[in-house]
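Bear in mind the structure is a predicted one, so any value in this text is a computation, not a measurement.
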Amino acid sequence: MSLKIYNTLTSRLEEFVPIDPPKVSIYTCGVTVYDDSHVGHARSLIVFDCLRRYLEHLGYRVLFVRNFTDIDDKIINRSKEENTHFMNISNRYIASYYQDMEELNIKPADVEPRVSEHIPEIISVIQKLIDLDYAYEANGDVYFKVRKFNSYGKLSCKDPEELQAGARIEPSENKKDPLDFALWKSAKAGEPSFDSPWGPGRPGWHTECVAMIFKHLGESIDIHGGGLDLTFPHHENEIAQAEAITNKPFARYWVHNGLVTVNGQKMSKSLGNFITIKEVLSKYDPDVLRLLVLFTHYRSPLDFSWDKMEESKRAYRRIKDAIEGLSQLRALEKTKDQEVGLLQLLEKTRQDFFSALSEDFNTPEALGAIFNLVSAMNKVKTESIQRGNISENTLKEYSECVNFLEKTLRGVFGLFEKQGKERQLSQREELGFIELLISARESARSSKDYKTADLIRDGLRSLGIALEDTPLGTRWQRV
RNA sequence: GGCAACGUGGCCGAGCGGUUAGGCGAGGGACUGCAAAUCCCUUUUACGGCGGUUCAAAUCCGCCCGUUGCCUCCA
């Protein structure tokens, strides 16, 4: 199946055709590691994780690179505050980031380069730009000549003339032109620095990605992604540097995810309205956040709220219930009746699901198809349980639906992957106690001692274990 | 100020020329000892405003109003 994807560079939907199929190279801008990551980062990570999984599902061989910015002003400030080496700060938050990634079930990138480990490559890019007269050195700084690159602004639809007019750039004495941006920043006294032909300093923000892409993926890549807020100036500046050197398109498809907002305003450190991934995961299953992200088209803004997490949690349970219904149905008496036609709907669901994804990775529409199937499955489930039996054919069809859900949602959306692990992690004793309490309650119920029964149910509920009495016995699950 | 998006039913959120999106919530019913979960029914002209194009517009065009993002570090 073909994929159409919105390309920021052309401002339109385009057929996805990689440079060298079946290989697909993807680079996304990672985080600056000076603090814990927040929900905005999580969205970007989840979106590109799913896009990558989808491309792999389509049969592409994806090479995925995501960087760490482990040296910059904010990291330096933080290290000053704590009076420690900047690497201690970046290492700490890289560890924190990996912990979040693991919990969120984000597939690791194939290469996860760090700026501090790519200084020679970065210097080489800068040197090339100087040699080509696209950059100049001034008092230990190096700047890129924006006006010399004549397609500057093509990604973000900006006109250099208008940029200058509205720019709020502080007067920077070393720049020949206020539009120019720093490729290398000379170190101030006491700042960590790296040696360079222009003296001690550190890379500007934009060169790292160019140097890393050149090194790990080549001069032209298929997809370059990141948050919408990176379009300008970051990605625009990457294009300027890379294409000034190679004279080739830097990336074929520029893919940007919409931002996460809180009460309509962008979630950001500076506004202080951010919610860390850790905070969310302390309250919710990581899958619930994943589902919330997928419930909004990746290019639209996503307004985060705890109410939405609750909604997402309920929706998530609905799918889970349909999947887990299989084991309940298996326990029923089998008959030889005719089938119910779930297979037809399954086929339609499969088609709708993938055709939604092929149209600009429309995950909300794809989920719509999933929920249509889920409803039909629950209907079959309810009727069968109430009737007390199920035909072998129906069971087989239901089982195929579960198969599809598990395989697709796991493979493409990365959902339901942690279930097994979670079970392993649970203590045996804990499970034993729960089962024991359930049988004690069963015994109370059969002697109509509902007071005791409810005491046990309410007690477990307050410990996060919900009980459900079904005609097939009592089920429990964590809430 | 410049540039770019966006405004859909109680809320969220797809659709982007004609045919049920979907989720959450609310009300009623079935099931239950009571619940929970699930199912059934209801939530009867949803598409910011005003014009225009068309046999037909939420969907295309124009203007207006409102919200947001970028122009400074930011996923």
Expressed as a whole number of Å, how far does the C1' atom of B/rA58 sit from that of B/rG9?
12 Å
For nucleotides 3-19 of chain B, read 5' to 3', which letter fits each nucleotide if B means a protein heavy atom sits under 4.0 Å from the base, S means only the sugar-phosphate is that close, and - means neither?
S--------SSSS----
Could you work out the separation of B/rG62 and B/rG10 based on their C1' atoms and round it to a whole Å?
33 Å
Can you tell whether the side chains of A/Arg147 and A/Glu161 come within less than 4.0 Å, N to carboxylate O?
yes
May I ask you to say what A/Leu230 touches in the nucleic acid, namely base, sugar-phosphate or nothing, with a heavy-atom cut-off under 4.0 Å?
sugar-phosphate
Just to verify, what does A/Tyr398 make a ring-ring contact (aromatic ring centres under 6.0 Å, His included) with, not counting sequence neighbours?
none
Ring centre gap for A/Tyr97 and A/Phe68 strictly below 6.0 Å
yes
Could you tell me which residues satisfy side-chain contact (heavy atoms from CB on, under 4.5 Å) with A/Ser193, sequence neighbours excluded, listed by chain and number?
A/Ala187, A/Pro200
Quantified in whole Å, what is the P atom distance between nucleotide B/rG23 and nucleotide B/rU42?
15 Å
Side-chain contact check for A/Leu163: nearest option of B/rA75, B/rG22, B/rC71 is B/rC71
Can you confirm whether more than 12 heavy atoms, excluding those of A/Phe433, are under 6.0 Å from its CZ atom?
no
Inspect the contact between A/Asp360 and A/Arg299 and indicate whether a charged nitrogen and a carboxylate oxygen are less than 4.0 angstrom apart.
yes
What integer number of Å spans the C1' atoms of B/rU53 and B/rC12?
33 Å
Length of the line joining A/Asn237:CG and B/rU72:P, which is rounded to integer Å
10 Å
Using whole Å, what does the distance between atom P of nucleotide B/rA21 and atom CG of A/Leu367 come to?
17 Å
What integer distance in Å separates A/Glu208:CD from B/rC73:P?
13 Å
On a whole-Å scale, what distance lies between the C1' atoms belonging to B/rC55 and B/rC63?
26 Å
Going by heavy atoms in the side chains, are A/Arg290 and A/Ser312 under 4.5 Å from each other?
no
Please check if atom NZ in A/Lys308 has more than 12 non-hydrogen atoms from other residues, nucleotides or ligands closer than 6.0 Å.
yes
In whole Å, what is the span from the NE2 atom of A/His235 to the P atom of B/rC73?
14 Å
Rounded to whole angstrom, note down the P distance from B/rG18 over to B/rC60.
11 Å
Worked check of side chain to side chain contact (heavy atoms under 4.5 Å, CB included) between A/Arg457 and A/Arg441:
CA-CA 8 Å; A/Arg457 184 173 62 193; A/Arg441 178 167 169 271; 3.5 Å; yes
What residues in residues 68-76 of chain A put a non-hydrogen atom under 4.0 Å from any atom of RNA chain B?
A/Lys74
Contact class for A/Asp159 vs. all strands (heavy atom < 4.0 Å): base, sugar-phosphate, or nothing?
nothing
Quick check on A/Glu435: does its CD atom have over 12 non-hydrogen neighbours (other residues, nucleotides or ligands) under 6.0 Å away?
yes
Whole angstroms only, please: what is the CG-P distance between A/Asp180 and B/rC71?
18 Å
Testing A/Val412, A/Ile223, A/Asp222 one by one against A/Leu55 for a side-chain contact (heavy atoms from CB on, under 4.5 Å), which residue passes?
A/Ile223
Check whether any side-chain nitrogen or oxygen of A/Asn257 sits under 4.0 Å from OP1 or OP2 of B/rA75, and answer yes or no.
no
Report the relative orientation of the aromatic rings in A/Phe232 and A/Tyr152; use parallel for angles under 30°, tilted for 30 to 60°, perpendicular for over 60°.
perpendicular
Do you see a donor-acceptor pair shorter than 3.5 Å between the side chains of A/Glu279 and A/Tyr284?
no
Name the residue closer to the 5' end of RNA chain B, choosing between A/Gly227 and A/Phe371 according to the nucleotide with the nearest heavy atom.
A/Phe371
If I take atom CG in residue A/Asp307 and atom P in nucleotide B/rG23, what distance separates them, rounded to the nearest angstrom?
19 Å
Within 6.0 angstrom of A/Lys283 NZ, more than 12 heavy atoms from elsewhere
yes
Scan side-chain atoms only and decide if A/Asp303 and A/Thr261 contain a donor-acceptor pair under the 3.5 Å cut-off.
yes
Nearest heavy atoms of A/Val288 and A/Lys313, plus distance in Å
CG1-N, 3.6 Å
Intra- and inter-strand pairing of RNA chain B, written as dot-bracket with Watson-Crick and G-U pairs under 3.5 Å and | for the latter, reads (((((((..(((.....[...)))((((((.......))))))....(((((..]....))))))))))))....
Just to be sure I understand the rule, does A/Val260 reach a base, reach only the sugar-phosphate, or reach nothing, if contact means heavy atoms closer than 4.0 Å?
base
Distance between the C1' atoms of B/rG7 and B/rC16, in whole angstroms?
15 Å
Could you check how far CG of A/Asp49 sits from P of B/rA75, rounded to whole Å?
18 Å
Residue met sooner reading RNA chain B from 5', once A/His234 and A/Gly264 are mapped to nucleotides:
A/Gly264
Given atom CG of A/Leu271 and atom P of B/rU68, what is their separation to the nearest angstrom?
12 Å
Between protein and nucleotides 25-38 of chain B, map the contacts as a letter string: B base, S sugar-phosphate only, - none, heavy atoms under 4.0 Å, written 5' to 3'.
S-----S-BBBBSB
For a quick check of understanding: with a heavy-atom distance under 4.0 Å over all strands, which category does A/Gly30 fall into, base, sugar-phosphate or nothing?
sugar-phosphate
What interatomic distance, in whole Å, is found between C1' of B/rA75 and the corresponding atom of B/rG69?
13 Å
